[in-house]
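Heavy-atom basis, side chains included; hydrogens, waters and symmetry copies ignored. Naming: A, B, ... by sequence-line order, numbering from 1 per chain. Nothing here was measured: the structure is a model prediction, and the numbers come from that model.
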Amino acid sequence: MTLSRRTFLQALGWTTGLLVVAGAGAYAFRPVLPYRGAPSRHDAAAWLRLSGEGLIEVLMPRAELGQGIAISFRQIVAEETGFALERVVAVQPRTDLVPPARATVGSDSLKDFGPLLAEAAVALAIVLQRRGSTGGAEPPGGWATLAGSSTLIDADDIARDGSNARSFARGEKRIVGTVQPVDAVRAMITGESPLYADDVRLPDMAFGAALRAPRLGEVIAGVDESAARGLRHYLGLFRVGERLFVAAETRGALERALAAIKVSFTGAPPVETDMLAMVDIDRGLADGAPEHGDSDARLAAGASFDLDLRLDVPMAAHACMEPRTAVAQFSERGDLTLWTGTQDVSFVRATLARELGLGEGAITVIGCRVGGAFGGKTIPTVEIEAALLARALKRPVKVQWSRGDEFRETFHRPPSSHRIRARVGPDGTLDVWHHAFRSGHVIFTSAAMGPALQAATSFIGDPGVRRGAASPYRARQARVGFEDVRLPVATGPWRGLGAAPNVWAIETAIDELARRRGEDPLAFRRRLIDPRWPRLARVLDRVASLADWPNRRSHAGRGYGIACGIYKEMSYAAVVAEVSREDAGMRITRLWCAHDCGLIVNPDQVRAQIEGNLVWSIGMALFEELTFADGHVAQANFGDYALPRFSDAPDMVIDLVEEGEMPSGAGETAIVAGTPAITNAIAAMTGKPVTRLPWRAGHAG
Amino acid sequence: MRFHLNGHDAAIPETMGDDRLLWVLRDHFGLNGPKYGCGAGHCGACTVHVDGVAERACSLTARDISGRRVTTLEGLGASAPEGLHPVQQAWIAARVPQCGYCQNGQVMTAAALLAADPTAGPEDIAAVMNEVLCRCGTQVRIRQAVLEAQRRLQEGA
């Protein structure tokens with residue numbers, strides 16, 4: 001008997017319904033990207049401890065990637081305990097100090113960790129009060145009596161006293177809601193103390209690099225290292241299983257050795273070269289309905305539509321300024337300590353345990369400040385290399401990826417291809433909305449999953465690909481379906497996951513429908529937004545007012561575009577873009593954004609995240625594209641990959657909407673509205689929708 | 001091989017003469033300021049001042065700076081109040097950094113630009129700052145900080 005897809009999914013407890021929000025059961029299959037539940041009170045009890053100097057140390061369950069989570073957590077703890085902010089310090093995640101926590105992804109640190117942290121902090125304040133210490137005053141007997149203890153509070157204290165927390169309650173606050181400078185700002189602009197993994201220096205530390213085949217599908221056939229042997233400071237070639245490493249005592253010697261070593265390769269690079277063509281939605285639709293989504297997601301053929309739009313989004317790079325870097329050191333006993341900038345120290349530890357055959361108790365992973373991540377530092381890579389090489393070398397080693405590795409050895413935002421068909425009824429509301437798309441994988445990434453898991457999960461819609469695909473606009477008949485395509489190039493999470501391309505596609509289509517009807521795109525959206533989303537309607541109204549939308553008129557030289565979007569059904573953004581045509585192309589001259597992520601802990605950091613998202617929107621709309629050629633990603637350095645630069649970022653006017661809802665997240669929200677606002681502004685100038693990212697003068701449409 | 005590093009006389013071992021200046025500064029002298037970003041002069045994360053001019057430490061060898069005066073981020077504010085050059089003060093006031101990794105290049109490039117051309121206009125500033133990449137998207141605040149630093153430097157002059 002053949003196990004039908006539906007039976008198989010039922011057996012797993014999965015649902016394919018695209019518009020059904022995946023609950024906790026959705027990860028029952030446990031993909032290699034680990035799912036961990038929301039933190040518990042038991043976890044939270046371990047996040048706070050006192051130092052001998054009378055400081056509260058926040059043992060961070062979430063990594064500092066530049067999103068300002070350390071200062072936000074410190075503000076919450078200071079608010080609840082009465083300690084001065086300077087006396088609350090953040091310690092980056094380390095596996096020996098904090099229980100495993102969900103990876104720092106999904107812009108949900110304040111939503112899922114913030115309130116619990118506040119409860120733990122207020123419980124700590126009450127324990128301190130009992131010991132005679134109020135508002136940060138030294139207790140009788142001194143701080144030493146409490147220092148280093150991780151047992152000052154437990155889950156019961158938090159359960160009993162947590163309801164006294166005020167950070168997320170209505171009412172006056174001291175520190176939550178105020179602008180405070182981020183952690184380590186002085187170190188970042190003076191270099192006076194170590195922050196990043198590359199700032200870790202150990203006695204006797206060597207430097208290493210993996211030897212790699214340059215093309216996908218190739219393996220190393222032979223190595224001739226004779227020319228490197230005489231080099232001063234060269235330590236040799238090391239084979240660990242299938243992997244080959246080169247090591248040296250200095251980075252200069254390492255570079256000379258890599259240049260001198262001759263490597264030959266064998267194998268067959270993939271024949272496909274156009275990743276975007278591989279996800280071609282029309283090719284997919286010709287084969288039938290998209291695999292995942294509504295049961296009847298096949299687009300009705302022959303029916304008449306007011307809009308039938310094909311939209312394409314290419315691969316893009318994370319392009320973090322900090323390349324992946326790790327330092328590994330084994331003790332005499334064989335225990336491993338590893339420093340790295342990662343979004344997930346526990347996943348690194350679990351992966352190292354498996355790769356090295358060590359118990360997790362023998363491994364300590366120390367998280368360093370991360371020099372940009374954006375989803376890219378979720379999967380261990382350089383950490384495995386550093387650990388294996390340190391063991392082979394029998395000395396500490398630092399492995400830092402080259403910029404070429406960063407472009408060619410990592411995973412990327414998948415390409416996606418969309419077809420949207422829609423019809424407007426006589427009353428001006430949507431009769432039909434059909435959105436079908438195909439994409440490379442996001443969560444079920446081949447960067448982390450072996451062939452067996454890839455085959456098993458092929459039955460299941462990738463939740464990262466699906467993100468943001470549900471339209472916020474009401475339609476009498478709405479069908480959304482998608483298909484994941486296994487590409488030769490590894491693809492995975494990139495800022496916003498599927499929401500960045502999916503909302504861009506939706507907002508482009510809605511805008512084009514309004515244009516064809518001769519309607520104001522703001523009024524059209526306002527009429528169609530499902531009443532389930534009042535906060536979306538609110539940010540749209542706010543940005544329209546902020547940008548004086550009713551008085552903006554587009555012409556051939558200057559266009560105004562508007563767009564809005566929801567991130568993870570928790571955060572809302574609306575953007576107006578002003579784009580001017582210049583000799584060199586299109587220039588974004590102004591951006592306005594209204595943004596609602598609920599209660600705000602540090603308004604300046606929310607603004608910083610919005611600014612970052614808007615700059616990413618400029619990149620996505622105008623610049624960023626990875627291609628594939630000769631068996632590898634064609635781009636190897638920043639010279640080949642255009643990013644937004646200083647003069648590409650215009651003045652931005654930002655309106656923070658805060659109406660008492662609980663905190664959600666700002667890290668990936670504005671990009672969903674920023675990109676389509678820009679392309680809609682271009683469309684307002686040219687009269688034709690931008691249907692292919694990034695916009696190019698030559699592209700059709 | 002001798003040179004001046006952050007106001008002090010310093011020596012580089014002869015065996016490191018062909019190494020990138022960036023490696024020598026980071027690994028031999030233990031400096032955190034200059035960062036590896038691309039190794040090809042594209043991103044500017046490794047920027048230092050050589051005789052007061054902004055240079056990419058990834059694209060110079062140790063031998064190239066023999067006898068010359070090198071200032072890194074660590075030495076930039078050495079003689080300023082609280083150890084912070086006006087550009088660094090402006091950076092704090094404008095709350096520029098997010099991840100912070102590129103900020104060495106931003107600060108060092110802006111400081112060299114304003115030293116060479118105290119009245120640099122918006123176009124001059126853009127032409128120079130366009131050559132230093134930031135992925136987090138801090139460009140809006142970098143612009144505010146450069147203008148603020150320019151104001152502070154002019155007032156202080």
Exercise. Sort out for me which of B:Q103, B:Q106, B:Q139 touches chain A most, counting heavy-atom pairs under 4.5 Å.
Key: B:Q139

Can you find a heavy atom in the side chain of [X] that is under 4.5 Å from one in the side chain of [Y]?
X      : Y      : answer
B:T138 : A:E611 : no
B:L133 : A:M321 : yes
B:I142 : A:F646 : yes
B:E74  : A:T190 : no

Side chain, backbone, both or neither: which part of [X] has a non-hydrogen atom closer than 4.5 Å to chain B?
X      : answer
A:S193 : backbone
A:H318 : backbone
A:E406 : neither
A:A317 : backbone

Self-check item: Ion pair B:R26/A:D198, N-O distance below 4.0 Å
Solution: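 A salt bridge links B:R26 with A:D198.
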
Self-check item: Within 45° cone of A:W616 ring axis and under 6.0 Å: B:R135 NZ or CZ
Solution: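 B:R135 over A:W616 ring: yes.
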
Which heavy atom of [X] sits nearest to which heavy atom of [Y], and what is that distance?
X      : Y      : value
B:L73  : A:I189 : CD1-O, 3.2 Å
B:P97  : A:M188 : CB-SD, 3.7 Å
A:A608 : B:Q98  : O-NE2, 2.9 Å
A:R607 : B:R141 : CB-NH2, 3.7 Å
A:R256 : B:T15  : NH2-O, 4.1 Å

Counting heavy-atom pairs closer than 4.5 Å to chain B, which one of [options] comes out on top?
options                        : value
A:G619, A:G372, A:A319         : A:A319
A:D604, A:D648, A:L614, A:T325 : A:D604
A:D199, A:V615, A:V179         : A:D199
A:P644, A:G639, A:G404, A:A187 : A:G639

Quiz item: Got more than 12 heavy atoms from elsewhere within 6.0 Å of CZ, B:R151?
Solution: yes

Donor-acceptor under 3.5 Å ([X] side chain, [Y] main chain):
X      : Y      : value
A:R369 : B:C99  : yes
A:Y196 : B:Y101 : yes
A:R186 : B:I92  : no

[range]: residues contacting chain A (heavy atom under 4.5 Å, by number):
range                       : result
residues 34-68 of chain B   : B:K35, B:Y36, B:G37, B:C38, B:A40, B:H42, B:C43
residues 78-90 of chain B   : B:E82, B:G83, B:L84, B:Q88
residues 111-129 of chain B : B:I125, B:A126, B:M129

Exercise. Below 4.5 Å from any heavy atom of chain A, which atoms of B:R143 appear? Answer side chain, backbone, both or neither.
Key: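 Both backbone and side chain.
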
Quiz item: Under a 4.5 Å heavy-atom cut-off, does chain A meet the side chain of B:L22, its backbone, both or neither?
Solution: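 Interface part for B:L22: neither.
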
Quiz prompt | Full working for salt bridge (Lys or Arg N to Asp or Glu O under 4.0 Å) between B:D19 and A:R251 | solution = CA-CA 8 Å; B:D19 289 10; A:R251 283 197 252 207; over 6 Å; no

Quiz item: Using non-hydrogen atoms and a limit below 4.5 Å, what part of residues 64-72 of chain A faces chain B?
Solution: A:L65, A:G66

